[in-house]
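In what follows, a structure is listed as structure tokens, so that the remarks can point back to it.
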Amino acid sequence: MDTSDHHFQSDLAEIAAEKYKAGTLSRRGFLSAMGALGLVPLLGNRALAQASEVVVCNWGGQASDILRDLLGKAFEEETGIPVRVDGAGPSAGKVRAMVESGAVVWDVCDSGAGSAIVMNGAGVIQDIDYSIVDKSKVLEGTALPFAVGNYLFSYAMAYNPTMLPGGAPQSWADVWNVKDFPGMRTFRKSVRGQLEAAAQAMGIAKEDVYEFLDDDGIKAAIAKFRELRDNIIVWGSGSDSQNLFLQGEVAMGNIYSTRGFLLREQMEPGTFKMTYDGALLQPGMWVVPKNNPAGTETAMKFIATVQDPQLQAEWFVAIGNGPINPAAAALVPAELSEWNPNTPENVAKQVIYNDEWYGKNQVSAEELYIDALIG
């Protein structure tokens, strides 16, 4: 089962395009951000591509004309190597079908640990060449033999202090305390990143969350959401959650950290806060299909290039996407450091995403969760 967070990956493209259109993201910053993510436009038929090109498959987005016209030319000018994107979504099934049919058209794919495990088991992706890709340039635990981390994001607690006269929430338990912290809350209309918050609201330590979330624990966490149902407005997309805060419809909630990064600038001073206490930290992963057209070495060099800490820091400043390279933290402007999910201080506060748990439980938990919120 593919348990990657594809909605988040698409959301990043939308954020970058919006910021570029609004003039708050420079051409260079936009280029760096999208190049690091692999969001470079598909300019032609892959059958015409040369071996020196890298085609990256990700989960698409709304970048459209700006991405195509800007990055197709500018990335090639700056690096000398054209990088193109296919936004078709590199699910485990698609990658397997390509490899087994001998019709591989992708060189590097934006995936997740769960789907990478599935693809590795099927024998359709290559081992990462760590003589080219640097293990020290990713968060510990994200350099697998067959996949390597590319960025980080979190599901984090956000709130509007001006709507909480009783004080700011200090924990997920406070989010469930509607007596002392009145107002509407927002949670995602999908189970990913949400049950971890409910478990902590019940007093479970962050390091014990997934051990707690067995069959009985899942039911208990779902029941916890049912308690809060009348005070919840669900969000389906990152922009939905952003708008709920902008329009003053919610006092607090669990949202993508990248959207919180945008809200810090968009809302009036003192009206928005976000904390990584009890947040869920999740990585994206690069994988390389077997028999990729550009060749193993070229694909690995692409991955190695986007590990550069300065590039990763610029990527973070551009769209709030956490740099997977810990060395990038020191390059992030001091005034933005608190918003970086991958500082040592912020990592220590968070639950680390467990893709194995999602592979086993996501389908069954999803149905129960949706029913508890809106069924």
Side-chain angles (χ1 to χ4, degrees), residues 8 11-12 15-16 18-20 22-37 78 134 136-142 149-162 167-171 206 238 241-242 245-246 252-284 305-353:
F8 174 79
D11 200 52
L12 294 174
I15 288 173
E18 288 172 359
K19 294 195 74 171
Y20 183 81
T24 59
L25 180 59
S26 70
R27 178 179 179 277
R28 184 172 184 273
F30 182 68
L31 178 65
S32 295
M34 302 306 287
L37 183 61
E78 292 201 4
D134 192 339
S136 72
K137 292 183 177 179
V138 297
L139 180 69
E140 184 178 355
T142 64
N150 50 12
Y151 54 79
L152 291 159
F153 67 98
S154 298
Y155 292 91
M157 183 198 304
Y159 58 94
N160 183 338
T162 65
Q170 301 299 309
S171 67
K206 63 180 180 61
S241 66
Q242 191 174 344
F245 277 97
L246 286 170
M252 62 184 82
N254 189 357
I255 67 174
Y256 291 144
S257 57
T258 45
R259 289 292 171 172
F261 188 78
L262 296 181
L263 283 165
R264 89 192 196 284
E265 291 183 324
Q266 295 174 333
M267 295 185 68
E268 293 296 321
T271 65
F272 183 79
K273 297 286 185 182
M274 187 178 75
T275 176
Y276 285 111
D277 284 319
L280 174 68
L281 183 66
Q282 180 174 342
T305 295
V306 300
Q307 290 185 299
D308 177 74
Q310 183 61 50
L311 179 60
Q312 294 242 325
E314 291 176 6
W315 186 11
F316 169 73
V317 172
I319 55 176
N321 216 30
I324 196 77
N325 188 339
L331 303 176
V332 170
E335 66 273 17
L336 297 180
S337 182
E338 65 179 287
W339 299 90
N340 177 7
N342 194 19
T343 64
E345 297 80 7
N346 285 336
V347 171
K349 298 174 182 177
Q350 300 182 72
V351 176
I352 306 301
Y353 173 80

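For clarity, every value in this text was computed on a predicted model and none was experimentally measured. For the single chain, residues carry numbers from 1 onward in sequence order.
Rounding to the nearest 0.5 Å places CE of M274 at 7.5 Å from OG of S154. L152 contributes atom CG, which lies 8.5 Å from atom CD of Q350 (distance to the nearest 0.5 angstrom). For the atom pair CG (L281) and CZ (F153), the distance works out to 9.0 Å, reported to the nearest 0.5 Å. Interatomic distance, Q282 CD to S257 OG, rounded to the nearest 0.5 Å: 10.5 Å. Between L336 atom CG and T343 atom OG1 the span is 12.5 Å, to the nearest 0.5 Å. Atoms CG and OG1, from L263 and T271 in turn, are 9.0 Å apart once rounded to the nearest 0.5 Å.
Here the side chain of Q242 pairs no donor or acceptor atom with the backbone of L262 at under 3.5 angstrom. When atom types are taken as modelled, the side chain of Q170 and the backbone of A168 share a donor-acceptor pair closer than 3.5 angstrom. Under a 3.5 Å cut-off, the side chain of S241 and the backbone N or O of G238 do form a donor-acceptor pair. In this structure, K206 contributes its side chain and A348 its backbone to a donor-acceptor pair below 3.5 Å. Q312 places a side-chain N or O within donor-acceptor distance of the main-chain N or O of N325, the cut-off being under 3.5 Å.
Around the NZ atom of K273, the shell of radius 6.0 Å holds no more than 12 heavy atoms that belong to other residues, nucleotides or ligands. A 6.0 Å sphere centred on CD of E268 holds no more than 12 heavy atoms belonging to other residues, nucleotides or ligands. A 6.0 Å sphere centred on CD of Q310 holds more than 12 heavy atoms belonging to other residues, nucleotides or ligands.
Across all their heavy atoms, N342 and A329 have their closest contact at O-CB, 4.4 Å. For G322 against N340, the heavy-atom pair with the smallest separation is CA-OD1, 4.2 Å. Taking both residues in full, the closest heavy atoms of P326 and L139 are given as CD-N, 4.1 Å, listed atom of the first, atom of the second, then distance. When all heavy atoms are compared, the tightest approach of A158 to I255 is CB-CD1, 3.8 Å. When all heavy atoms of M252 and Y159 are compared, the closest pair comes out as CB-CB, 3.7 Å. Taking all atoms of both residues into account, the shortest heavy-atom contact from A279 to T275 is CB-O, 4.5 Å.
Residues F316 and F261 place their aromatic rings such that the two centres sit under 6.0 Å apart.
Shown here are the ring pair (Phe, Tyr, Trp, His ring centres under 6.0 Å) partners of F245, two or more places apart in sequence or in another chain: F272.
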